[in-house]
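What you are looking at is a predicted structure, and each value in this text was computed from that prediction instead of being measured. Here is the naming used below: chain letters follow the sequence lines, and residue numbers restart at 1 for every chain.
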2 protein chains.
Amino acid sequence: MKVDLGTFQERLRQRGLKLTKPRRLVAGKLLSTGGHVAADDLIELLRRDGTPVGRATVYRTLAILRGSGLFDEHDFGSGHKVYERALGRPHHDHLFCVSCGAVIEFREPRIERLQDEVTRRHHFTAMYHSHKIFGYCRRCQSKAPQRVERHA
Amino acid sequence: MKVDLGTFQERLRQRGLKLTKPRRLVAGKLLSTGGHVAADDLIELLRRDGTPVGRATVYRTLAILRGSGLFDEHDFGSGHKVYERALGRPHHDHLFCVSCGAVIEFREPRIERLQDEVTRRHHFTAMYHSHKIFGYCRRCQSKAPQRVERHA
DNA sequence: ATAGATGCAAACACTTTGCATGGAC
DNA sequence: GTCCATGCAAAGTGTTTGCATCTAT
């Protein structure tokens, strides 16, 4: 499934919203950037492009993109939320390097299956989940303290 | 393993810190409350007890308790962090009801094992993880929208 | 005695909101 | 023309920090 501005327009229509220039700019930049981008990054990037968008508008647009299921929002505890394209991409979870901030995606269907089992066991209806593993990535091994895994 | 103020004192000593009255009050209240408590809850509870502790001190004490491995910190996306006793309790992860805010703990060693496999695969050294499933608890089923699981 | 702790208020960082103006439909 | 969107600045929220005072050791 191709995810582009056309898809965005379509989703906006479904909600009776307008496709404005600022919204096109935010969505476009988000799509072209890929990766895990924060609101401030977007504001800065758009400003540098000579097409500044007000911070309120950026936040409001991100809320729409998230609410439409086009983008996922993640909080890696860095004090700000980051966004990544969701539609048209397979689901995955993340490893986060506490040393360099690298975000590594992983897919493990067996974990997903066990999750279903857990929710069933608790008569719980899952809507979404967040599974993050924090530690040291391959390149930051040397900075890791000599300790075993602690859970949180 | 019994976790009490004595353990706290011991951990403080190890770091060259003092066991002061405010710290005893915060740790004591946290231990007696159980559950998942936020900084503001503590401040309010202590104030009501007639033993108020400054907000800065509460936050600073929570940081120590967390850093000493006595308490875990969780963010369920409610805008504030919550704390729960960690030492002397088995590790677990959480289901969070987006309707009533209920926090349900679950243990699933098979998921933990698969996690290890994932980190090994990526040459990643895990320090801790956060696995949360959001949705509707048994009692809030009726409020759940008719939709399949969405991931985030 | 002295290094560390307290508590107030001010500072912070991220995000949201009120409101007058502007633009999509 | 109507209703929604924008953008500024101000407000909000949870948390952290500077600093003079106090206290456990």
(Q) Can you measure A/F8 atom CZ to D/dA5 atom C1' for me and round it to whole angstrom units? (A) 12 Å
(Q) Using 0.5 Å steps for rounding, measure from the CD1 atom of B/I133 to the CD atom of A/Q115. (A) 4.0 Å
Q: Please state how far atom CG in A/D40 lies from atom P in C/dT16, giving the value in whole angstrom units.
A: 13 Å
Q: Go through residues 43-60 of chain B and report each residue with a non-hydrogen atom lying under 4.0 Å from DNA chain C, sorted by number.
A: B/V53, B/G54, B/A56, B/T57, B/R60
(Q) Any side-chain N or O of A/R23 below 4.0 angstrom from OP1/OP2 of C/dA24? (A) no
Q) How close or far is atom P of D/dT15 from atom CG of B/L42, stated in whole angstroms? A) 11 Å
Q) Should A/T20 be listed as having a side-chain N or O under 4.0 Å from OP1 or OP2 of D/dT6? A) yes
Q | Donor-acceptor under 3.5 Å (A/H92 side chain, A/P90 main chain) | A | yes
Q.
Can you measure A/D75 atom CG to C/dA13 atom C1' for me and round it to whole angstrom units?
A. 13 Å
Q) Starting at CD of A/Q9 and ending at C1' of C/dA24, how long is that distance when rounded to a whole Å? A) 11 Å
Q. Do A/H91 and A/H131 have ring centroids that are under 6.0 Å from one another?
A. no
Q: Tell whether B/K18 reaches the base of C/dA3 with its side chain through a donor-acceptor pair below 3.5 angstrom.
A: yes
Q.
Just to verify, what does B/E10 make a side-chain hydrogen bond (donor to acceptor under 3.5 Å, both in side chains) with, not counting sequence neighbours?
A. none
Q. A/K21 has an atom NZ; how far is it from atom C1' of C/dA24, in whole Å?
A. 14 Å
Q. To the nearest angstrom, how far is B/R66 atom CZ from D/dT15 atom C1'?
A. 13 Å
Q | Output field: ring centroids A/Y83/A/F71 closer than 6.0 Å | A | no
Q | Note: A/E117-A/R113 ion pair, threshold 4.0 Å (strictly below) | A | no
(Q) Between P on D/dA5 and CZ on A/R13, what's the gap in Å once rounded to a whole number? (A) 14 Å
Q) If you take all heavy atoms of A/F124 and B/F134, which pair is closest and at what distance? A) CE2-C, 3.8 Å
Q. On a plain distance test, is the side chain of A/K81 in donor-acceptor contact with the base of C/dC14 below 3.5 Å?
A. no
